[in-house]
Amino acid sequence: MARANDEVAALFQEYADLISITGGDAFRARVYEKAARAIGGHHADVSTLDLKGLQEIPGVGKSTAEKIVEYLGTGSVAAVEKLRAKIPAGVRRLTAIPSLGPKKALVLYQELGISSVDELADAIHEQKLRDLKGFGPRTEEKLLHGIDLLRSAGDRVLVDVAADLAESVVDALSEASGVLRCAYAGSLRRGRETIGDIDVLVAARTPGPVMKAFTELPYVTEVIAHGDKKTSVRTDRGLNVDLRVVPKDSWGAALLYFTGSKAHNIRIRERAVHQKLKLSEYGLFDTETGERIVSCTEEDVYARLGLPWIAPPLREDRGEIEAGLEGTLPELVTEADLRGDLHTHTDLTDGLASLEDMVAAAAGRGYAYYAITDHAPDLSMQRMTKERMLAQRAQVRELRPPRGMRLLHGVELNIGPEGGVDWPDDFLADFDVCVASIHSHFDQSRDALTRRLVRACENPCVNVIGHPTTRLIGRRSGIDADLDEVFAACARTGTALEINAHPDRLDLNDEHILRAKRHGVRFAVDSHAHAVPHLAHMRYGVATAQRGWLTKDDVINTWTLTRLRRFLRKGRA
DNA sequence: GCCGTTTTCGGCCCGACTGTTTTCAGTCG
């Protein structure tokens with residue numbers, strides 16, 4: 001069951017789309033889009049708020065708040081139903097086709113009665129679009145191509161795939177003639193968990209050579225748009241890359257603009273307008289004289305708008321502008337702050353590398369401490385026994401890792417259907433650290449799942465809840481537990497929540513982290529490595545923690561070993 | 001429909017590219 005906030009957000013997004021399609025006031029549509037985002041990201045559950053509380057959500061006024069109350073009371077909103085009755089759901093679906101927006105969708109529906117993607121494909125093949133105003137032969141071609149893309153849509157890709165591609169594009173273009181600077185921006189720079197396309201920014205004396213080099217990259221399959229300032233391509237990696245080329249002295253304004261998010265950009269541009277300034281990707285200008293004031297660095301632009309530099313992971317219009325004005329932006333945790341990793345495996349269970357190899361690689365990352373946490377016997381395929389675990393402990397105690405790195409002997413316990421774990425307290429008490437995770441029985445009731453996690457927190461030996469929602473991005477949605485209750489239990493019992501850094505998990509996600517932090521929870525950013533290369537996934541976990549506004553102090557594996565050990569003692573005898 | 005470090009009314013972010021147009025609307029980010 002989704003949070004009421006998510007249901008309301010989806011409803012308002014649909015309402016905004018329907019307003020656009022029916023040719024309603026574009027500003028009204030934008031208001032509902034904005035409200036949808038604000039409600040989806042709001043920490044408090046809207047079903048617990050009254051009319052007054054709802055209006056305290058920025059972007060939610062009287063009319064919107066009343067619609068929320070109406071929805072929560074009756075399960076629908078009359079104004080939305082009215083538009084739904086005018087426009088079939090399939091017409092809205094048409095706007096998912098690239099190059100087809102609300103205006104064309106309405107024309108297709110009104111003139112030809114087209115209300116589904118299939119009907120549109122048929123109509124194009126029957127040449128029915130020829131007589132419509134604004135539809136030419138190129139439009140037909142683009143629509144057919146767009147339909148193909150939609151039908152084979154891989155949607156967004158995992159962040160590691162996008163990062164590899166982006167870094168390779170940046171490396172290649174940095175070598176192109178006339179390129180002065182090159183970097184990726186967009187959602188990848190903001191550290192989002194999945195990426196829809198890659199934005200690459202170049203500062204160059206002349207755009208020609210770099211544009212050419214770009215379209216000739218080996219993984220480019222198609223050039224979508226090709227101009228002096230912007231070129232867009234599709235790649236064989238399932239995502240598009242946009243390249244923008246700007247003059248060198250526009251670098252800061254352009255980087256700011258292309259990093260987004262769109263919502264953040266709109267907010268800072270509004271701020272500019274209020275100061276009689278105009279902000280574009282070319283710089284910050286005086287509206288009256290047209291004179292450029294600043295543009296070279298992001299810091300310059302923010303400063304002229306009365307703001308400190310805002311780190312990209314915060315740029316989601318989730319309060320960062322207000323915090324910047326008040327001087328209360330968090331000092332975000334960084335990868336360099338991490339002193340260790342608290343959830344890793346070896347080939348004793350389902351890891352691929354030996355204890356020695358994992359430890360050597362961890363030492364190479366400069367960690368001060370490193371925990372080995374192989375599986376316990378309740379994941380029966382791992383064939384773990386007390387004897388095998390104790391033998392590993394002896395091996396760990398004997399190892400002398402380089403650079404004085406300290407080894408912690410831990411375990412990843414399985415949280416059973418009733419919330420119990422593999423071993424009794426007296427055996428667990430001798431581990432340095434216990435991670436406990438759910439690995440099965442994902443479909444229990446909400447109450448059962450909540451109780452299960454709360455019981456695990458109440459175990460005096462459990463230090464960290466591993467991959468708390470068990471989601472696998474794009475493959476398995478997270479379990480349906482009352483997370484706020486779990487967060488409260490973590491804070492009460494001194495149990496940390498994991499931010500699992502593996503790109504297909506990133507669990508907890510940024511929004512959960514923001515909510516958990518309000519409960520006073522501590523976090524562990526862990527690689528969950530099953531092989532040496534996985535240790536480097538930490539960067540994605542850190543980015544997720546940054547998106548959750550976490551500081552060094554919130555993350556237990558940035559602490560000194562002494563402070564960490566005190567935390568890990570928890571309720572043990 | 002929302003909102004105010006000029007405003008409780010009159011604004012609401014800005015520019016690139018494409019295709020169908022003869023000067024611009026639509027789409028996208």
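The chains referred to below are lettered A, B, ... by the order of the sequence lines, with proteins before strands, and numbering in each begins at 1.
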- Nearest-Å distance for atom pair NE2/P, residues A:H274 and B:dG10: 16 Å

- Message: Could you check B:dT20 for me: syn (within 90° of 0) or anti?
- Response: anti

- Message: At 4.0 Å (heavy atoms only), tell me whether A:R244 reaches a base, stays on the sugar-phosphate, or touches nothing.
- Response: sugar-phosphate

- Query: Within the structure, does a side-chain N or O atom of A:K34 lie under 4.0 Å from either OP1 or OP2 of B:dC3?
  - Reply: no

- Can you check the A:E326 CD to B:dT5 P distance for me, whole Å? 14 Å

- For A:T64, which contact category applies under a 4.0 Å heavy-atom criterion: base, sugar-phosphate, or nothing? sugar-phosphate

- Query: What interatomic distance, in whole Å, is found between P of B:dG15 and the corresponding atom of B:dG10?
  - Reply: 26 Å

Report all side-chain donor-acceptor pairs from residues 198-208 of chain A shorter than 3.5 Å, counting only partners two or more places apart or in another chain.
none

- Message: Ignoring hydrogens and geometry beyond distance, is a side-chain donor-acceptor pair present between A:S168 and A:D171 at under 3.5 Å?
- Response: no

- Item | Polar side chain donor-acceptor pair, A:T221 to A:D236, under 3.5 angstrom | no

- Query: Where the side chain of A:S63 is concerned, which of B:dC12, B:dC14, B:dC2 is the nearest nucleotide?
  - Reply: B:dC2

- Message: Using whole Å, what does the distance between atom P of nucleotide B:dC13 and atom CG of A:L284 come to?
- Response: 16 Å

- Any side-chain heavy atom of A:R318 sitting closer than 4.5 Å to one from A:L514? yes

- If you take all heavy atoms of A:K67 and A:A79, which pair is closest and at what distance? CE-CB, 3.8 Å

- Query: What's the CG-C1' distance between A:L325 and B:dG4, to the nearest Å?
  - Reply: 15 Å

- Item | Nucleotide nearest A:V273 when distance is taken to its side chain, options B:dG1, B:dG19, B:dC14 | B:dC14

- In whole Å, what separates the C1' atom of B:dT18 from that of B:dT23? 15 Å

- Could you state the atom-to-atom distance from OH of A:Y282 to P of B:dG15 in whole Å? 9 Å

- Note on the structure: A:K142 has its side chain closest, among B:dT18, B:dC12, B:dG1, to B:dT18

- B:dG11 and B:dA16: how far apart are their C1' atoms, nearest whole angstrom? 26 Å

- Query: More 5' along DNA chain B: A:M211 or A:K67, using each one's nearest nucleotide?
  - Reply: A:K67

- Task: Using distance alone, with no hydrogens and no angle criterion, decide if A:R505 and A:T469 have a side-chain donor and acceptor under 3.5 Å apart.
- Result: no

- Query: Hey, are the side chains of A:K104 and A:F135 touching, using non-hydrogen atoms and a 4.5 Å cut-off?
  - Reply: yes

- Query: What's the CZ-P distance between A:R30 and B:dG10, to the nearest Å?
  - Reply: 19 Å

- Note on the structure: With B for base contact, S for sugar-phosphate-only contact and - for none (protein heavy atoms under 4.0 Å), nucleotides 20-29 of chain B reads S-----SSSB

- Task: Starting from P on B:dC14, measure out to CG on A:N265 and report it in whole angstrom.
- Result: 12 Å

- Which nucleotide, in any strand shown, forms a Watson-Crick or G-U wobble pair with B:dT8, with both distances under 3.5 Å? none

- Task: Report yes if some heavy atom in the side chain of A:L506 is under 4.5 Å from a heavy atom in the side chain of A:T544; otherwise report no.
- Result: yes

- Item | Interatomic distance at C1', B:dC3 relative to B:dT8, whole Å | 9 Å

- Message: What is the separation between atom CD1 on A:I224 and atom C1' on B:dC17, rounded to the nearest whole Å?
- Response: 12 Å

- Message: Checking A:H534 now: which residues fulfil ring pair (Phe, Tyr, Trp, His ring centres under 6.0 Å) with it, not counting sequence neighbours?
- Response: A:H502, A:H537

- Query: What integer number of Å spans the P atoms of B:dT21 and B:dC17?
  - Reply: 22 Å

- Message: Can you check the distance between B:dC14 and B:dT22, where both ends of the measurement are the C1' atom (answer in whole Å)?
- Response: 25 Å

- Item | Whole-Å P distance, B:dT27 and B:dT20 | 13 Å

